[in-house]
Amino acid sequence: MKIVTRFAPSPTGFLHIGGARTALFNWLFARRHGGQFRLRIEDTDRQRSTQEAIDAILQGMQWLELGHDDEIVYQFARASRHAEVAQDLLARGRAYHCYATAEELEDMRTKQREAGLPVRYDGRWRDRPVSGPAPNTPPVVRLKAPQTGETIVRDHVQGDVRFSNEVLDDMVLLRSDGTPTYMLAVVVDDFDMGVTHVIRGDDHLTNAARQMQIIEAMDWPVPYYAHLPLLHGEDGAKLSKRHGALGIHEYENLGYLPEAMRNYLLRLGWSHGDDELITTEQAIAWFNLESIGQSPARVDFKKLDNINGNYMREANDARLTREVIRVLHGRGTVVPASAEDRLTAAMPGLKERAKTLVELADAVYYLVTERPLTLDDKAKTLITPEARAHLAAALPVLTNTNWTAPELEQALKTFAGERGVKLGNLAQPLRAALTGRSTSPGIFDVLAVLGREDSLARIQDQLTA
RNA sequence: GCGCCCUUCGUCUAUCGGUUAGGACGACAGCCUUUCACGUUGUAAAGACGGGUUCGAUUCCCGUAGGGCGCGCCA
């Protein structure tokens with residue numbers, strides 16, 4: 001069987017972390033089986049769907065590198081096909097017109113609530129003879145759902161989930177204005193797109209039962225279902241802006257690498273023994289529905305940071321240089337072209353120390369700023385009169401040393417030994433003078449990357465300051 | 001209210017009836033060290049509760065509690 005999965009977001013907001021995970025799982029499953037991963041924009045809610053949201057979703061998926069196959073399906077454009085299916089259902093006697101008004105239904109629900117009864121459509125138009133007087137209001141089309149027996153969703157994550165048909169009411173298929181509802185549209189589109197596996201959030205589990213009723217009324221094949229437990233925020237509460245329901249593009253701005261994000265998202269609900277760092281290639285080889293957990297997970301930025309740090313260290317230096325320059329530009333920082341080579345040269349030492357691109361950008365201050373440097377507070381305290389004396393004395397030694405990290409190290413260690421000063425007491429002031437900060441990559445690497453001229457001048461700056 | 005789902009360290013998770021309940025993040029402590037990281041060693045840390053089934057339950061069943069989702073002419 002050719003496997004087809006789909007990601008079907010509604011463009012009423014940005015792509016958040018939960019949606020991104022759903023997209024990832026669908027993508028992985030399709031890739032794993034050499035199938036197709038399709039994208040469908042569920043824009044049938046004309047009031048709330050926006051082009052901005054569509055763009056945000058597309059950009060988010062592009063950033064995550066989750067490429068879809070085939071054309072994007074825009075659900076609204078398929079309204080006439082949906083209506084056609086509704087007519088078909090009507091013709092088969094599996095659906096009927098309902099003339100109840102919104103007010104009437106609201107009234108019905110209120111009464112049901114008050115009486116402590118389950119809130120659902122009571123089927124008041126289900127068996128009315130068509131020959132009766134047609135009311136003035138335009139009707140909706142409702143599914144004539146089975147009233148006895150049960151509908152069983154055979155879910156790959158949740159197992160068999162049984163719903164008594166008594167609790168599922170006759171859902172609206174076509175609104176009074178002739179437009180399709182979500183329930184109908186999903187079923188028709190999934191069928192037309194040849195979707196074999198529906199992988200989506202847990203919040204659709206009950207919908208699955210209702211959708212199955214439509215599918216069965218049409219005699220269509222029921223897809224395999226996999227409903228993913230929802231994601232919660234760090235505090236366990238529902239995902240909200242504070243802790244995770246950020247648009248996925250925010251994670252890009254926060255300085256995360258897409259491959260790290262994928263790894264993190266994958267581990268939220270899916271596992272492969274004790275493996276934590278899982279490359280996308282491995283994920284494609286290993287991904288399966290059986291290993292998806294059944295309980296909801298919380299987002300944890302600490303863990304994300306850690307994973308991102310791991311990927312940063314593995315990342316290519318030239319790439320990180322490009323990325324950090326991009327972040328710097330975003331901040332309005334001017335990066336001289338000459339700094340690019342320095343950045344790349346310093347990258348091995350820099351990336352060891354950063355968990356995100358943002359941290360990386362913070363750390364490259366000394367490479368993209370022209371002297372004289374402005375020292376931060378901690379660095380200032382390192383430049384004591386005694387430190388100045390050490391630096392002054394070291395200057396001629398440095399001047400006469402071959403400018404490579406190993407040779408500089410050798411020279412300065414010897415110098416420190418002869419002077420009877422601990423290397424740290426020399427290295428820290430040196431670090432302050434060269435980088436303007438109290439922390440940086442190894443000081444000999446800093447010297448080497450900065451070069452003789454700039455290094456000596458920066459030290460000189462602190463002697464005369 | 002009705003229906004459905006979920007419940008192992010603070011967090012993500014492993015375990016597919018028999019383990020000293022494992023790993024990772026985080027925390028704490030040590031080592032390494034020119035700073036910060038990295039790395040490394042170690043410590044603390046979990047089966048919600050109550051019943052069953054079984055020779056034996058974290059694991060299977062039921063109930064309770066807690067959390068979540070759904071119950072629209074929204075998606």
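Residue numbers begin at 1 in each chain, while the letters A, B, ... track the order of the sequences.
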Can you figure out which of [options] approaches the side chain of [X] most closely?
X        : options             : answer
A/Leu205 : B/U35, B/C5, B/C73  : B/C5
A/Thr206 : B/A75, B/G72, B/G70 : B/G70
A/Gln428 : B/C6, B/C69, B/U35  : B/U35
A/Asn306 : B/U34, B/G26, B/A75 : B/G26
A/Lys302 : B/C25, B/C6, B/C2   : B/C25
A/Thr181 : B/A75, B/C4, B/C38  : B/A75
A/His232 : B/C73, B/G67, B/U35 : B/G67

- Query: How is A/Ala100 classified with respect to the nucleic acid when contacts are heavy atoms under 4.0 Å: base, sugar-phosphate, or nothing?
  - Reply: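 Contact class for A/Ala100: base.
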- Query: Base, sugar-phosphate alone, or nothing: which one does A/Arg109 contact when heavy atoms must sit under 4.0 Å apart?
  - Reply: sugar-phosphate
- Task: Residues of residues 343-361 of chain A with any non-hydrogen atom less than 4.0 angstrom from an atom of RNA chain B: list those, numerically ordered, please.
- Result: A/Glu352, A/Arg353, A/Lys355
- Within the modelled atom types, does a donor on one side and an acceptor on the other bring the side chain of A/Asp43 and the base of B/A75 under 3.5 Å apart?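 No, no donor-acceptor pair under 3.5 Å.
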- Query: Any N or O donor-acceptor pair linking the side chain of A/Ser176 to the base of B/C73 at under 3.5 Å?
  - Reply: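 Answer yes: a donor N or O sits under 3.5 Å from an acceptor.
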Can you name the residues that form a side chain to side chain contact (heavy atoms under 4.5 Å, CB included) with [X], not counting sequence neighbours?
X        : answer
A/Asp88  : A/Arg92, A/Met218
A/His156 : A/Tyr224, A/Ala226, A/Leu289, A/Glu290
A/His390 : A/Glu386, A/Arg419, A/Val421, A/Leu426
A/Thr151 : A/Asn165, A/Leu168, A/Ala209, A/Met212, A/Gln213

- Rounded to whole angstrom units, what separation is found between the CG atom of A/Leu277 and the P atom of B/G23? 17 Å
- Query: Roughly how many Å is it from CD in A/Gln410 to C1' in B/U34, rounded to a whole number?
  - Reply: 15 Å
- ring pair (Phe, Tyr, Trp, His ring centres under 6.0 Å) contacts touching residues 164-185 of chain A (sequence neighbours left out):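 Output for this query lists A/Tyr182-A/His204.
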N/O donor to acceptor pairs below 3.5 angstrom from side-chain atoms of residues 112-119 of chain A, sequence neighbours left out:
| unit_1 | atom_1 | unit_2 | atom_2 | d |
| --- | --- | --- | --- | --- |
| A/Gln112 | OE1 | A/Arg120 | N | 3.2 |
| A/Gln112 | NE2 | A/Arg120 | O | 2.8 |

Does [N] have OP1 or OP2 under 4.0 Å away from a side-chain N or O of [X]?
X        : N     : answer
A/Arg113 : B/C71 : no
A/Arg162 : B/C4  : no
A/Gln294 : B/C6  : yes
A/Thr44  : B/A75 : yes

- Item | Contact state string [nucleotides 8-16 of chain B, B base, S sugar-phosphate only, - no protein heavy atom under 4.0 Å] | ---SBSS--
- Cation-pi geometry met for A/Arg78 and A/Tyr74 (6.0 Å, 45°): no
- Does any pair with a residue in residues 357-369 of chain A pass side chain to side chain donor-acceptor pair (under 3.5 Å), and if so which ones, sequence neighbours excluded?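 Qualifying pairs: A/Arg331-A/Asp362.
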- Among A/Val73, A/Leu39, A/Val198, A/Asp189, whose side-chain contact (heavy atoms from CB on, under 4.5 Å) with A/Arg6 holds? A/Val198
- Query: Do A/Thr404 and A/Asn402 get their side chains close enough for a donor-acceptor pair, meaning under 3.5 Å?
  - Reply: no
- Item | Same-atom distance (P) from B/C69 to B/C16, integer angstrom | 32 Å
